[in-house]
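These numbers were taken from a predicted model, which means no experiment stands behind them.
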Amino acid sequence: MGRTRPTVADLRALKGKRQLSMLRVMSLPEAEAAERAGVDLISVPPALIAQREFRDAAPNCFAIPGLEYGDFVTAEDYLRGAFAMIKAGADAVYCAAGMGTVRRLRDEGIPVCGHSGLIPSQATWTGGFKAVGKTAETARLVWQQVKALEDAGAFAAEIEVVPSEVAAAISARTSLVLISMGAGAGCDAQYLFADDVLGSNTGHVPRHAKVYRNFAAEYERLQQERVAAFSEYVADVRGGVYPEPRHQVGIEAYELRQFLAELN
């Protein structure tokens with residue numbers, strides 16, 4: 001019997017029992033690959049989940065599209081966006097807005113995944129893109145973030161670039177499904193970007209990333225093949241090699257003679 005898509009209740013029931021896997025996917029092929037590989041949760045761009053084919057590609061992955069901070073402003077904006085995502089097939093929404101907005105979404109029954117630790121949209125408050133929680137004071141801040149999300153009604157939270165001991169202690173003391181991105185194995189789920197897993201990220205590779213394939217080299221090989229094919233095509237056109245008779249539409253000789261006679 002095949003697997004079925006988990007519910008929020010299912011994910012909560014798994015807390016402390018087994019590690020969940022989560023990937024950030026950016027395309028239908030990646031979503032389909034995540035489905036076939038048995039990935040539990042996927043983070044997806046709203047535009048991807050809005051595609052009709054999305055649930056055909058990943059029928060059983062718990063999908064969390066991001067309501068990106070700044071694209072939405074007011075609680076009403078977030079509500080409209082969240083309802084649109086749920087209608088399109090999402091199981092929950094990611095939201096890094098204030099607790100009032102999280103509470104509004106929860107009041108409408110929309111499952112919310114929040115964010116704690118290094119929150120990219122708010123990184124200036126914690127010193128930029130670096131670990132949070134390496135001192136007792138900042139660890140306390142992460143704990144307060146998680147408790148605030150719990151009190152606001154979120155069901156899960158991403159905890160990003162936090163010392164593993166701090167994340168594990170927090171995970172053991174919250175009902176939230178805590179999703180680790182560089183926060184160690186003491187949480188409830190592990191989260192990586194497909195770009196990093198596949199080795200297609202040509203920018204900064206974070207410390208917590210693990211590369212399983214070298215798609216960048218394959219893409220470069222394909223690009224070289226693309227250039228070579230285009231170059232051969234240009235040479236064929238200039239040399240009169242393309243098009244050949246097999247690439248052209250024919251006409252009966254009688255019909256051609258009649259047409260040419262009319263032209264003359």
Side-chain angles (χ1 to χ4, degrees), residues 1-68 71-72 78-96 102 105-106 108-115 149 153-160 175-181 185 187-201 209-213 215 218-219:
M1 183 176 179
R3 67 174 183 150
T4 58
R5 196 190 325 171
T7 65
V8 167
D10 293 330
L11 296 178
R12 281 178 156 172
L14 287 170
K15 184 176 176 68
K17 294 181 180 176
R18 77 166 175 90
Q19 287 273 291
L20 300 166
S21 56
M22 182 170 177
L23 281 176
R24 170 72 169 177
V25 301
M26 300 298 291
S27 66
L28 287 173
E30 287 184 352
E32 181 184 5
E35 170 74 24
R36 292 171 60 184
V39 173
D40 297 299
L41 306 96
I42 52 176
S43 167
V44 298
L48 179 58
I49 206 165
Q51 294 185 35
R52 267 196 327 271
E53 303 89 348
F54 173 76
R55 273 306 176 191
D56 293 331
N60 298 307
C61 292
F62 189 98
I64 309 175
L67 302 180
E68 297 298 339
D71 291 344
F72 302 83
Y78 278 97
L79 278 170
R80 288 192 186 92
F83 276 119
M85 291 294 94
I86 297 296
K87 186 176 180 180
D91 299 291
V93 295
Y94 164 87
C95 177
V102 173
L105 292 169
R106 177 61 184 89
E108 296 297 336
I110 296 170
V112 177
C113 176
H115 206 138
L149 285 165
F155 86 97
E158 180 182 336
I159 183 166
E160 184 168 350
S175 64
L176 296 184
V177 175
L178 218 55
I179 301 168
S180 167
M181 177 168 271
C187 300
D188 304 301
Q190 298 299 317
Y191 180 21
L192 288 178
F193 280 27
D195 276 359
D196 292 328
V197 171
L198 298 175
S200 55
N201 177 9
K210 183 174 181 180
V211 178
Y212 290 80
R213 292 292 185 276
F215 273 37
E218 185 65 10
Y219 288 150

Mind checking the [atom1]-[atom2] spacing from [X] to [Y]? Nearest 0.5 Å is all I need.
{"X": "Phe193", "Y": "Met181", "atom1": "CZ", "atom2": "CE", "value": "4.5 Å"}
{"X": "Ile49", "Y": "Ser43", "atom1": "CD1", "atom2": "OG", "value": "10.0 Å"}
{"X": "Tyr191", "Y": "Ile42", "atom1": "OH", "atom2": "CD1", "value": "10.5 Å"}
{"X": "Glu158", "Y": "Cys187", "atom1": "CD", "atom2": "SG", "value": "10.5 Å"}
{"X": "Cys61", "Y": "Phe54", "atom1": "SG", "atom2": "CZ", "value": "7.0 Å"}
{"X": "Cys113", "Y": "Leu67", "atom1": "SG", "atom2": "CG", "value": "11.0 Å"}

With a 4.5 Å limit on heavy-atom distance, are the side chains of [X] and [Y] in contact?
{"X": "Met22", "Y": "Ile64", "result": "yes"}
{"X": "Phe62", "Y": "Asp10", "result": "no"}
{"X": "Tyr78", "Y": "Val102", "result": "no"}

Pick from Val39, Asp195, Leu48: which one makes a side chain to side chain contact (heavy atoms under 4.5 Å, CB included) with Glu30?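 Running side chain to side chain contact (heavy atoms under 4.5 Å, CB included) over Val39, Asp195, Leu48 with Glu30 returns exactly one hit, Asp195.
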Can you pull out every salt bridge (charged side-chain N to carboxylate O under 4.0 Å, His left out) where at least one residue sits in residues 13-22? Sequence neighbours excluded, please.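 Sorted pair list: Lys15-Asp188, Arg18-Asp40.
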Pairs satisfying salt bridge (charged side-chain N to carboxylate O under 4.0 Å, His left out), at least one member in residues 45-67, at least two apart: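 Pairs touching residues 45-67 that pass the test: Arg55-Asp91.
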Exam field: side chain Glu160 to backbone Ile179, donor-acceptor pair closer than 3.5 Å: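 Flag not set: sc Glu160 to bb Ile179 has no pair under 3.5 Å.
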Output yes when a side-chain donor or acceptor of Arg12 lies under 3.5 Å from a complementary backbone atom of Ser175, and no otherwise.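 No; zero donor-acceptor contacts below 3.5 Å.
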Relative to the ring of Tyr219, is the ring of Phe215 parallel (under 30°), tilted (30 to 60°) or perpendicular (over 60°)?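 Rings of Phe215 and Tyr219: perpendicular, as their planes differ by over 60°.
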Closest approach of [X] to [Y] (non-hydrogen atoms, all atoms of both residues):
{"X": "Ala92", "Y": "Pro65", "result": "O-CD, 3.0 Å"}
{"X": "Arg24", "Y": "Pro45", "result": "NH1-N, 3.7 Å"}
{"X": "Ser21", "Y": "Gly38", "result": "OG-O, 4.2 Å"}
{"X": "Ala31", "Y": "Ala58", "result": "O-CB, 3.7 Å"}
{"X": "Ala57", "Y": "Leu28", "result": "CB-O, 4.1 Å"}
{"X": "Ala82", "Y": "Leu105", "result": "CB-CD2, 3.7 Å"}

Counting only heavy atoms from other residues, nucleotides and ligands, does the tally under 6.0 Å from CZ of Arg106 exceed 12?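 No - once you tally the heavy atoms of other residues, nucleotides and ligands closer than 6.0 Å, there are 12 at most.
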Name all residues meeting the salt bridge (charged side-chain N to carboxylate O under 4.0 Å, His left out) criterion together with Glu35; count only those two or more places apart in sequence or in a different chain, and write none if there are none.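 Glu35 satisfies salt bridge (charged side-chain N to carboxylate O under 4.0 Å, His left out) with Arg3 once adjacent residues are dropped.
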